[in-house]
2 protein chains.
Amino acid sequence: MVATMQNLTDRQAEILEFIQRTLCNSGVPPTRADICAEFGFSSPNAAEGHLKAIASKGYIELMRHSRGIRVLVDQNRSLTQQYELPLIGYIAAGQPILAEENVEETVRIDPELFHPRADFLHRVSGHSMKDVGILDGDLVGIHYQPDADNGQIIAAALYDRRSGREAITLKRYYRRGAKVRLDSENSDPQYAPIEIDLTQVDEDSQDTPQFRIAGLYAGLIRRPR
Amino acid sequence: MVATMQNLTDRQAEILEFIQRTLCNSGVPPTRADICAEFGFSSPNAAEGHLKAIASKGYIELMRHSRGIRVLVDQNRSLTQQYELPLIGYIAAGQPILAEENVEETVRIDPELFHPRADFLHRVSGHSMKDVGILDGDLVGIHYQPDADNGQIIAAALYDRRSGREAITLKRYYRRGAKVRLDSENSDPQYAPIEIDLTQVDEDSQDTPQFRIAGLYAGLIRRPR
DNA sequence: GGTGATACTGTATGTACATACACTACTGTA
DNA sequence: TACAGTAGTGTATGTACATACAGTATCACC
């Protein structure tokens, strides 16, 4: 957006709101004449002037054909809202979590559905959290956050030496000093806790830490096959 | 929608798809000329004819002004989609399931997230489905459907004589002739199967059946407190 | 007290658009 | 075999629309 984003005047805001309302009600943007009818203007130039002002402030884009008004900024989340979350499987070497390379697909869902707000989704693989009702194949919402409190369920990013990437796993997090313990929630003894000493540096991969917190578990979605 | 909803021809589907694409890309519906340019027609009547055909099948609505095309049926969910599902707790006496009286709140979520498509949500209360990872407080998506196959998880509407309303419960459904069995998924012996004989009429509430299928379990959302 | 932004009126113009009429041609179907 | 639905071409027409030019009035502000 090139235009400088200044504040709209009251009148301009009213007109922008009318454009959005029209779009919502009829599916088509209004004409200059429509705007005049709504506000009682007797000259199409009243509308034209406002549109140009609103466009120069970056809120809409004008195309030079009939009804060529495109709303760029949507205050009341009516239409353009994204409602999409990336689904992250693995984290490629040296990449931030939300880098495009890591996005497997995009799921249409309102991030605000979860608490705290989810920043991305992860597909659970395995049964390590079975006892808290998180099953293989579930999509969990993760709130991006680099630290956590003891006892919280986190998305742990564990570096895999072979593949050179980080795998995400849900674990219950406990930390005492430099010692971190990652618990599973499955009574089966094969799911033993993982113990990590943060002072221990992994020599094979100097700059990449063995472990980091990718975020906080914030809820889940299950879509039966 | 008054128009009879028939299937579109391949060409008509292509054109509908182009309308949606245009709407998505530019925010404005295409003109007849735009459609001609896209498909290589040399007469605007080619476009006009298709639009009328698509409109008569109920997929779009034509208004008699420029770019007056409104998409009513939105296959790939671009703009007009609501993304809201009602949350149904109990069913008031004599009301259809989705009656307004039964809607506790509305949750912003894409119905297509679930399979089959969810028509409403229900908040699980109790632990009867714990063994399949459906916990107390979870929101389950329900696909409205009055019948089910053996072994499917359904939302059962059970008439409660005291309150005069129907309570919704998730159960695994089995039917043999007129005998219906509703299983819980919890190894604890307190969750015994419910047996219902469909030939038995409840005398205290003559016209209201004891039991009906409210719909099919289609997935769940969990929002930790 | 002049300058610029906002908020309009009034008139005019050319073209973008929807749409009607008239025809051709193929296809499934009753 | 005739009819309805689909898929087009070609021409024509009136109006819906964006938009330019020329003004007026109010207000803030330096």
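Note on naming: letters A, B, ... go to the chains in the order of the sequence lines (proteins, then strands), and numbering restarts at 1 for each one. Since we're looking at a predicted model, the values are computed, not measured.
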Whole-Å gap separating P (D:dG8) and CG (B:L51): 13 Å

DNA chain D: 5'-proximal contact among B:G40 and B:A53 (nearest heavy atom): B:A53

Whole angstrom value for the distance that separates P of D:dC27 from CG of A:D10: 15 Å

Set of residues satisfying salt bridge (charged side-chain N to carboxylate O under 4.0 Å, His left out) with respect to B:E185, sequence neighbours excluded: B:R172

Partner residues of B:R11 under the salt bridge (charged side-chain N to carboxylate O under 4.0 Å, His left out) criterion, sequence neighbours left out: B:E14

Contact list for residues 102-122 of chain B, test ring pair (Phe, Tyr, Trp, His ring centres under 6.0 Å), sequence neighbours left out: none

Counterpart residues, salt bridge (charged side-chain N to carboxylate O under 4.0 Å, His left out), relative to A:E61 (two or more places apart): none

Separation of D:dT9 C1' from B:F41 CZ (nearest whole Å): 11 Å

Integer-rounded Å distance: D:dC27 P and A:R11 CZ: 15 Å

Under 3.5 Å on both distances, the Watson-Crick or G-U partner of D:dT11: C:dA20

D:dG5 phosphate, OP1 or OP2, under 4.0 Å from B:K57 side-chain N/O: no

Salt bridge (charged side-chain N to carboxylate O under 4.0 Å, His left out) partners for B:R223, two or more places apart: none

Atom-pair distance (NE2 on A:H50; C1' on C:dT9), nearest Å: 13 Å

Gap between atoms CG and P, on A:L8 and C:dA5 respectively (whole Å): 16 Å

Letter per nucleotide, 5' to 3', of nucleotides 11-20 of chain C [B base touched, S only sugar-phosphate touched, - untouched; heavy atoms, 4.0 Å]: B-----SSBB

Sole candidate of B:K179, B:R181, B:R175 that passes salt bridge (charged side-chain N to carboxylate O under 4.0 Å, His left out) when paired with B:D197: B:K179

Closest to side chain of A:Q12, choosing from C:dC8, D:dT6, C:dA7: C:dA7

